[in-house]
Each structure stands twice: as C-alpha cells, then as structure tokens.
Student: 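Handing you this structure, nothing more for now.
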Amino acid sequence: MPELPEVETFIRELAPELNGRRITRARVFWPGVIAFPTDEEFVTAIAGARFDRFERRGKYMLFGLDDPRTLIVHLRMTGKLQLAPAAGPPAKHEHVILDLDDGRNLHYQDPRKFGRFWLTPTPETVLAKLGPEPLGPDFTPAYLIDKLAGRKAPIKALLLDQRIVAGIGNIYADETLYRAHVHPARPAGNLRADEVARLHAAAQDVLQVAIERCGSSLGRSNLQNYIRPGGEQGGFQEEHNVFRKTGQPCPHCGHPIERMVIAQRSSHYCPVCQPDTR
DNA sequence: ATAAGGCCCTGACCGC
DNA sequence: TGCGGTCAGGGCCTTA
C-alpha cells in the first residue's frame, strides 16, 4: 500500500519523465475516481495543460501544471500510476489515461477504486487538515509530545492519524513502533517523553531508509503490490522487522511476532521488545 | 474535542 | 471444482 516512501518514489521517478510534457487527451473510465471537479469537467479542463512542478504532501502527489492549477492524486490502497507507451483499450481496473505529447500514456489503475484525483487551483483546500511532514522541520519531539498529551487512544491509532503527522500508514507505523520499542496499544498520553522522542526518531529513520530503498513492495497479489512507475519493485520490504510477520521470530530477541487489531488495522509487534505496560 | 465504528471496493484466500 | 464467507485498509463520515 502506498505510504509516504512509496508516494515519494512515485514523484521522484515521474518528475523527470513528465516535466514539460503536455497532456493531449484525458480519458476517465470510472467517474468516481475524480473527486473534483466532475469527471466531464476534468477531461475537458486538463487537456492541453503541461506538467511543470512535482511535490508530495503526506500521501498526496501534487502535479503542478503550467497554469495556477494542480493535479492532486491520492493512491489510497491499491492505486498505481504507470508510464508506458500508448496502448489500445484500457486494461482491467484502469480508470484514467492521460495521453502525453511524447506518445506515452500515464495510466491510473486501482482495483479497489479508493484512490482519487483532484484538479484545482487551490490545493490547500484538499490538504488543509494534514499535519506536518514527518521529515520536515515542524515535526519535532516537542510537537509530538504536545499532540499526544492527554490522548487515550492507542499510539498506533494516532500515528495513523494524518492530522497529527502526514504520510505514515500501517506498514511504517508498525515498523516505527518496533524500532522505538513501544507497544502499539499503549494509550498515547501515557507515553513518557523519552518514549515519544524515540518514536519521533524511529519514524524519521524508518521513513528515510524506506525512501532510499524506494518503498516497500509486498502484497498477496500483483494487483495489490506497489510497483514503481516504470514497473520495478521497491526494496524496503527486505528490511521489515514485524509487518505481516506474525509467528516469525523477532530479529532482536527471537520471540514470535504477534498480531492484534487496533483501530481496525492489523498491528504486528514483538511482545518482549515492545512490552504492554498499560 | 475525542474515540470508536461503519462505509466504500474487489481480489485473494479459506473451508467445505 | 464451485461457492459463500472473510479479510485487507486510507480517509471520511456518523454516533456517542
């Protein structure tokens, strides 16, 4: 599932390919994917625009056009952008195709149909509720201590809350908690300051290395698997310690990794290295 | 304000 | 082999 490192990889790898390219035609095969404006308006309005800016905010991709507008894409669970030579009819689960002026197509595929596109001159309205970037200057230990203070929700749930910090999903929340030796179910407000500081550092370390490894490719099927825009896999799954490793030995102590559900999400942790001190 | 649960989606997987 | 039930989960919504 695409989280911050995967989305960052998409942007980094698409930017040099798309920069300066003009969209000659847009096709939408499932209207629900266009969150704003309507799908018909989207198709008309984006034709002729040229890509010239590329950013990421949390798990959102921002494609700036050569006018005040920005194309925003969120892949949610199973969305994929792939750059390929123009082909014939749309593949299965293909919801958007942008024809480029170099003869290639930008394909959007999403089996679960959770991902969304926005075309807007005011991207801040889409991104308004997001917390700070976890690798940016506003995400400090003091900030995190303040945001968690008094909260009774499990720390895992708050790491997933994009209003607190933007870009962490289920994979990197579990890996962060493991690295910080914090049990996922502990009430966030009960964490000591040094534990929150460890979480802050662990989140930054995990995300930084995951970006260097171009994200995590895993999943039970090719459909769900995260694939980079040119078709290559990421590499960080080889460095996962706990995520989807239930029953396998903890890399540190050897105790079997356990699984529990928190905030309706699977959580994987080592009960020895991440003691439950609730 | 916070916490918890439901919803959207569909392919994979499991048990019979 | 076929079939029904369950699971996966990001963001948004409703409820308490």
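Note on naming: letters A, B, ... go to the chains in the order of the sequence lines (proteins, then strands), and numbering restarts at 1 for each one.
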Student: It should be established whether A:K113 places a side-chain nitrogen or oxygen under 4.0 Å from OP1 or OP2 of nucleotide B:dC8.
Tutor: no

Student: Just grab all the salt bridge (Lys or Arg N to Asp or Glu O under 4.0 Å) pairs involving residues 162-176 of chain A, residues at least two apart or on different chains.
Tutor: A:K156-A:D174, A:D161-A:R163

Student: How long is the line joining NE2 of A:H74 and C1' of C:dG10, in whole Å?
Tutor: 6 Å

Student: Distance check: side-chain N/O of A:R259 vs OP1/OP2 of C:dA8, anything under 4.0 Å?
Tutor: yes

Student: Round to the nearest Å and state the distance from A:E6 atom CD to C:dG9 atom C1'.
Tutor: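 The answer, rounded to whole Å, is 14 Å.
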
Student: Measure CE/A:M260 against P/C:dA8 and give the value in whole Å, please.
Tutor: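 That distance rounds to 14 Å.
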
Student: Stacking between C:dG10 and A:F114, yes or no? Criterion: centroid separation under 5.5 angstrom, plane angle under 30 degrees.
Tutor: yes

Student: Would you please name every residue forming a salt bridge (Lys or Arg N to Asp or Glu O under 4.0 Å) with A:K59, sequence neighbours left out?
Tutor: none

Student: Which whole-number value in Å describes the distance from A:Q264 CD to B:dA4 P?
Tutor: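 So the CD-P distance, A:Q264 to B:dA4, works out to 10 Å.
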
Student: Return a table of donor-acceptor pairs under 3.5 angstrom between the side chains of residues 138-147 of chain A and protein atoms on other chains or two or more places apart.
Tutor:
from: A:T140; atom 1: OG1; to: A:Y143; atom 2: N; distance (Å): 3.0
from: A:Y143; atom 1: OH; to: A:I164; atom 2: O; distance (Å): 2.7

Student: Check the distance between C:dG9's P and A:M77's CE and give it to me in whole angstrom.
Tutor: 6 Å

Student: Under 4.0 Å between a side-chain N or O of A:R244 and OP1 or OP2 of C:dG9?
Tutor: yes

Student: Rounded off to whole Å, could you give me the CZ-to-P distance for the A:R112 and B:dC7 pair?
Tutor: 17 Å

Student: Within the pair A:S266 and C:dG9, is there a side-chain N or O less than 4.0 Å away from OP1 or OP2?
Tutor: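 Yes.
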
Student: Could you state the atom-to-atom distance from NE2 of A:H268 to C1' of C:dG9 in whole Å?
Tutor: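 For the pair A:H268 NE2 and C:dG9 C1', the rounded distance is 12 Å.
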
Student: Side-chain donor-acceptor contacts of residues 176-188 of chain A below 3.5 Å, not counting sequence neighbours, with atom names and distances?
Tutor:
from: A:T176; atom 1: OG1; to: A:Y172; atom 2: O; distance (Å): 2.6
from: A:H183; atom 1: ND1; to: A:A185; atom 2: N; distance (Å): 3.0
from: A:R186; atom 1: NE; to: A:T277; atom 2: OG1; distance (Å): 3.2
from: A:R186; atom 1: NH1; to: A:E195; atom 2: OE1; distance (Å): 3.4
from: A:R186; atom 1: NH1; to: A:E195; atom 2: OE2; distance (Å): 2.8
from: A:R186; atom 1: NH2; to: A:E195; atom 2: OE1; distance (Å): 3.1

Student: Does this structure show an ion pair linking A:R213 with A:E238, if we count only N-O contacts that are shorter than 4.0 Å?
Tutor: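 Here A:R213 pairs with A:E238 in a salt bridge, since their nearest N and O are under 4.0 Å apart.
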
Student: Going by the side-chain hydrogen bond (donor to acceptor under 3.5 Å, both in side chains) test, name the single residue among A:Q82, A:E13, A:E6 that passes it with A:R228.
Tutor: A:E13

Student: Can you list, by residue number, the residues of residues 154-178 of chain A that have a non-hydrogen atom closer than 4.0 angstrom to DNA chain C?
Tutor: A:Q162, A:N170

Student: Quick check on DNA chain B: between A:K152 and A:R116, whose nearest nucleotide comes earlier from the 5' end?
Tutor: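 Looking at DNA chain B, the more 5' nearest nucleotide goes with A:K152.
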
Student: Give every donor-acceptor pair under 3.5 Å between a side-chain atom in residues 27-39 of chain A and any protein atom, sequence neighbours left out.
Tutor:
from: A:R27; atom 1: NH2; to: A:D99; atom 2: OD1; distance (Å): 2.9
from: A:T38; atom 1: OG1; to: A:E41; atom 2: N; distance (Å): 3.1
from: A:T38; atom 1: OG1; to: A:E41; atom 2: OE1; distance (Å): 3.2

Student: For B:dG11, does either OP1 or OP2 sit under 4.0 Å from a side-chain N or O belonging to A:H93?
Tutor: yes

Student: Looking at the base of C:dG10, is there any donor atom on it, or on the side chain of A:R265, that sits under 3.5 Å from an acceptor on the other one?
Tutor: yes

Student: Output the rounded distance in Å from OH (A:Y108) to P (B:dC9).
Tutor: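 To the nearest whole Å, that distance equals 13 Å.
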
